[in-house]
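No experiment lies behind these values; they were computed from the predicted model shown.
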Amino acid sequence: MQCDPIGYIRSPYTDKFGIPRQPGLVTAAEARLELLPPFAREEAFKGIDGFSHVWLIFVFHADCLDAGWHPTVRPPRLGGRETVGVFASRAPYRPNPIGISAVEHLGLERDGRGLALRLRGIDLLDGTPVLDVKPYVPYADAIPRAGSGFTPPPLPAQRVVLSAQALDQIRTADPRGERRLRELIEQVLAQDPRPGYMDRYPERREFGLRLYELNVRWQVGPEGVTVVSVSAADGG
């Protein structure tokens, strides 16, 4: 069996740290599925405009393809302290490193880079190979009474404050607001991207993550999160 990617994701998440734990949590995260020949054809997407969301079937490519698998994993939502079966999790290190993600689609666009499907609420690393796109059908795909196992509901959003320096740097990096950079940073940090085991290190207060070609530095305090700086990453 061989699966060929139909395209690759171009997203603001250029590093795994900071990617939301589920799709749709960060609505400011917009991305493109850049399609490859022979799949870059408008007729292949005829009728998709009637669906607000789509399923992406993708490959966990970063560090996963040759990493092998284990029958048990330690989910971040359990603080890395407890194990569950790999098939009871969404861990990337699987017998076949395939994932699914339901995201909002904003339509097709063709430009100098070719044909792409515009997406919102993405939770995928930049460069992720996509194997297939399927429409999200609410009456079949949404199961309101479904149990959520060991995964608790999302925690209340953290309060996020941006320093004057960070605001100036955001305006410089995104002068026309096309990337929705301020909203993206606020929404990513409001979800608290730190791993669950960080409660073992209460003395650590400063953290960083990468979005696009930028390093975002922030501090955690009793009142919430303060974004200290938004600067060009090394090599950005």
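Placement of L108 and V54 within a single hydrophobic cluster is found when ILVMFWY residues are connected by side-chain heavy-atom separations under 4.5 Å, directly or transitively. Hydrophobic clustering places F207 together with L184 (ILVMFWY residues linked when any side-chain heavy atoms are closer than 4.5 Å, directly or through intermediates). Tracing side-chain contacts under 4.5 Å through hydrophobic residues (I, L, V, M, F, W, Y), one reaches L125 starting from L211; they form part of the same cluster. With hydrophobic clusters built from ILVMFWY side chains whose heavy atoms lie under 4.5 angstrom apart, V228 does not share a cluster with V225. Using a 4.5 Å cut-off between side-chain heavy atoms of Ile, Leu, Val, Met, Phe, Trp and Tyr, with links allowed through other members, I9 and F45 fall into the same hydrophobic cluster.
W69 and N96 share no donor-acceptor pair across their side chains, judged by distance under 3.5 Å alone.
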**OP:** Check the pair V188 / W218 against side-chain contact (heavy atoms from CB on, under 4.5 Å), numbers first and verdict last.
**Re:** CA-CA 12 Å; V188 167; W218 80 93; over 6 Å; no
**OP:** Let me see the working for E34 and R113 under salt bridge (Lys or Arg N to Asp or Glu O under 4.0 Å), right down to the final yes or no.
**Re:** CA-CA 8 Å; E34 297 187 347; R113 292 173 287 180; 3.6 Å; yes
**OP:** Check the pair L119 / L106 against side-chain contact (heavy atoms from CB on, under 4.5 Å), numbers first and verdict last.
**Re:** CA-CA 6 Å; L119 306 165; L106 306 176; over 6 Å; no
**OP:** Give the intermediate values and the outcome of side-chain contact (heavy atoms from CB on, under 4.5 Å) for residues L115 and E42.
**Re:** CA-CA 8 Å; L115 186 66; E42 282 87 347; 3.8 Å; yes
Subject >> Verdict with supporting geometry, R159 and V161, side-chain contact (heavy atoms from CB on, under 4.5 Å) >> reply: CA-CA 7 Å; R159 179 173 178 263; V161 175; 3.5 Å; yes
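Atom CD1 of residue I170 and atom CZ of residue R180 lie 13.5 Å apart, to the nearest 0.5 angstrom. Atom CG in L35 sits 9.0 Å away from atom CZ in R32 (nearest 0.5 Å). The CG atom of L124 sits 14.0 Å away from the OH atom of Y8 when rounded to the nearest 0.5 Å. If you take CG on D4 and CG on L131, they are separated by 9.0 Å, rounding to the nearest 0.5 Å. Note that the CG atom of D132 and the CD1 atom of I100 stand 12.0 Å from one another [nearest 0.5 Å]. How far OG of S163 is from CD of Q219: 9.0 Å, rounded to the nearest 0.5 Å.
Minimum heavy-atom separation, A142 to Y136: CB-OH, 3.5 Å. Here the closest heavy-atom approach between residue Y212 and residue E30 is recorded as OH-O, 4.3 Å. When all heavy atoms of R94 and S89 are compared, the closest pair comes out as NH1-O, 3.1 Å. The nearest pair of heavy atoms linking Q191 to L25 is NE2-O, 3.6 Å. Contact between V227 and I185 at its shortest, heavy atoms only, is CG2-CG2, 4.0 Å. Here the closest non-hydrogen pair linking I19 and D123 is CG2-O, 3.1 Å.
Looking at L214 and L181, their side chains come closer than 4.5 Å, going by heavy atoms from C-beta outward. Within the 4.5 Å cutoff, the side chain of V73 has no heavy atoms near those of the T83 side chain. Residues I57 and I98 are in side-chain contact: their nearest non-hydrogen atoms beyond the backbone lie under 4.5 Å apart. Between T128 and V59 the shortest side-chain heavy-atom distance does not fall below 4.5 Å. For the pair Y13/I122, a side-chain contact is recorded, criterion being any heavy-atom separation below 4.5 Å from C-beta on. Looking at Q169 and S229, their side chains come closer than 4.5 Å, going by heavy atoms from C-beta outward. The shortest distance between side-chain heavy atoms of L56 and V103 falls below 4.5 Å. The shortest side-chain heavy-atom distance between L209 and L189 falls under the 4.5 Å cut-off.
Although no hydrogens or angles enter the test, the distance criterion places no donor-acceptor pair under 3.5 Å between the side chain of N215 and the main chain of S231. With hydrogens and angles ignored, the 3.5 Å screen pairs no side-chain donor or acceptor of D168 with any backbone N or O of T172. Side chain of H105 to backbone of G107: a donor-acceptor contact under 3.5 angstrom is found.
Counting heavy atoms of neighbouring residues, nucleotides and ligands inside a 6.0 Å radius, atom CZ of R41 does not exceed 12 of them.
Judged by a 6.0 Å distance limit and a 45° cone about the ring axis, R210 is not positioned over the six-membered ring of F17.
Classification of R182 and E186 as a salt-bridged pair holds, one side-chain N sitting under 4.0 Å from a carboxylate O.
Looking at E206, R204, R194 one by one, the single match for side-chain contact (heavy atoms from CB on, under 4.5 Å) with V220 turns out to be R194.
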